Protein chains: 2
Amino acid sequence: MRPNKRDELVQKALIIFYRNGFHATGMDMLVAETGISKTSMYKHFRTKEDLILAVLRLRDELFRNWMVRRMEEIGKTPKEQLIAMFDALGEWFSKPEYRGCMFIKASAEYQEAEHPIHAQAATHKKLLYGHVLKLAENANVTDPGTLARQLLLLKEGAIVTAHLGHSKNPAGDAQRAAKILIDAALS
Amino acid sequence: MRPNKRDELVQKALIIFYRNGFHATGMDMLVAETGISKTSMYKHFRTKEDLILAVLRLRDELFRNWMVRRMEEIGKTPKEQLIAMFDALGEWFSKPEYRGCMFIKASAEYQEAEHPIHAQAATHKKLLYGHVLKLAENANVTDPGTLARQLLLLKEGAIVTAHLGHSKNPAGDAQRAAKILIDAALS
DNA sequence: TCCAATAGTTACTGATCTGTACATATATCA
DNA sequence: TGATATATGTACAGATCAGTAACTATTGGA
């Protein structure tokens with residue numbers, strides 16, 4: 001049984017927490033849905049919070065890898081890659097299992113900035129900002145920091161709006177806005 | 001005791017749910033922090049869910065009234081009022097008790113679109129869209145629907161980002177982006 | 001003063017929560 | 001085969017969860 005039970009737990013817990021929320025998911029539900037015994041879980045993680053932190057670390061890795069890869073596949077130049085972020089978002093939103101951003105939800109359930117789970121969610125956003133900032137710099141825009149933050153505002157807004165479901169095509173709306181902002185920053 | 005106990009409960013529960021989250025706030029905590037007996041609570045509301053729905057209705061009323069009023073106080077023309085939305089957001093973010101948008105958090109804890117709490121959150125966003133759409137129409141922009149949705153993407157993004165706290169001035173970034181989008185929609 | 005509505009107190013149910021104790025099974029490697 | 005690590009099953013502790021029952025106190029209006 002070398003293929004780690006710990007990793008299996010984190011992967012399965014990720015899906016369940018994403019679908020069901022953090023407080024609303026009890027350890028007994030994890031036992032029932034993963035088939036992994038509670039004793040094993042508590043051997044790998046001292047507390048539920050530790051498990052959630054491991055889940056968020058995995059999610060951060062998976063999500064950023066996926067997002068960066070899609071942006072590079074769709075766009076060639078830095079400017080195209082920035083615009084491609086919203087194509088990738090559109091793909092994500094159209095998946096049937098889409099339920100919004102796990103980090104926004106984590107920060108909604110663990111609100112205090114000092115809480116480790118909240119802090120981990122903030123770290124994810126910071127790391128993504130780093131990537132977008134680099135692209136904005138390479139696109140030679142005036143004030144790349146501002147443009148990067150503005151594009152990410154559109155991204156977060158689209159994520160929330162896609163989950164709240166009162167808009168038909170938030171990724172498309174965001175992308176059209178992004179193009180205008182990028183062009184304005186290039187002149 | 002004409003000044004309704006029911007209203008008092010909803011007002012106090014609003015503050016507690018906003019600060020503490022929905023699942024994380026038990027009825028016993030509400031009893032302890034409001035001083036209202038559990039029997040009274042369950043005389044006014046059949047379930048915790050019913051209480052939450054009443055809280056969200058109040059929040060919708062208070063928030064939209066406040067936002068519309070501030071926009072009208074700060075901006076004269078429809079265009080100025082659209083831009084003023086982000087001044088109002090900045091005021092909100094700087095309040096010490098700021099904890100993000102209650103409706104985003106509600107939809108994060110009650111994820112299924114069919115859930116009454118989720119639906120109520122979506123309704124709030126729809127109502128706000130109606131107001132912004134009317135302003136965009138009165139500002140005589142081309143495609144007011146798209147502009148209204150894009151401005152609201154910036155708004156939701158700023159709200160999330162202000163709560164996740166990795167950005168210094170999300171309302172300012174959003175406002176500068178909003179001005180560019182509005183000007184582009186006017187030409 | 002009496003009625004009726006609204007409030008509170010206390011104690012409870014049964015379920016579920018996180019986390020643990022303890023004894024047993026299984027798999028790998030020497 | 002035997003040692004060690006890792007997994008399991010079951011049962012539990014103690015707290016908390018939403019919601020209820022039965023009874024009492026307070027209030028406003030007629």
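The shown structure was predicted, so the numbers you read here are calculated from the model rather than taken from an experiment. Throughout, a chain's letter reflects where its sequence line sits, starting with A, and its residues are numbered from 1.
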(request) Please state how far atom CG in A:L51 lies from atom C1' in C:dC17, giving the value in whole angstrom units. (result) 15 Å

(message) Hydrophobic cluster membership, with links at side-chain heavy-atom distances under 4.5 Å among I/L/V/M/F/W/Y: are B:V55 and B:L127 in one?
(response) no

(request) Could you check A:T161, A:L153, A:L154 and say which one makes a side chain to side chain contact (heavy atoms under 4.5 Å, CB included) with B:E156? (result) A:T161

(message) Measuring from atom NE2 of B:H44 to atom CG of B:D50, what distance do you get when rounded to the nearest 0.5 angstrom?
(response) 13.0 Å

(request) Treat each ILVMFWY residue as a node, draw an edge where side-chain heavy atoms are under 4.5 Å apart, and state whether A:F63 and A:V68 are in one component. (result) no

(request) Compare side-chain N and O positions of A:H44 against OP1 and OP2 of D:dT6 and report whether any pair is under 4.0 Å apart. (result) no

(request) Do nucleotides 8-20 of chain D as a string where each nucleotide becomes B, S or -: B if the base has a protein heavy atom under 4.0 Å, S if just the sugar-phosphate does, - if no protein is that close. (result) BBB-------SBB

(request) Kindly assign one of parallel, tilted or perpendicular to the pair A:H124 and A:F103, based on the angle between their ring planes and the thresholds 30° and 60°. (result) parallel

(request) Please list residues of residues 111-120 of chain B whose heavy atoms come under 4.0 Å from any atom in DNA chain C, ordered by number; otherwise none. (result) none

(request) Report the distance from atom CD of B:E49 to atom CZ of B:F22, rounding to the nearest 0.5 Å. (result) 11.5 Å

(request) Determine whether B:I15 and B:I52 fall in the same hydrophobic cluster, where Ile, Leu, Val, Met, Phe, Trp and Tyr are linked whenever their side-chain heavy atoms lie under 4.5 Å apart. (result) no

(request) Could you tell me the separation between the CG atom of A:L30 and the C1' atom of C:dC17, rounded to a whole number of Å? (result) 12 Å

(request) Over 60° means perpendicular and under 30° means parallel, so classify the ring planes of B:Y110 and B:H115, tilted if in between. (result) tilted

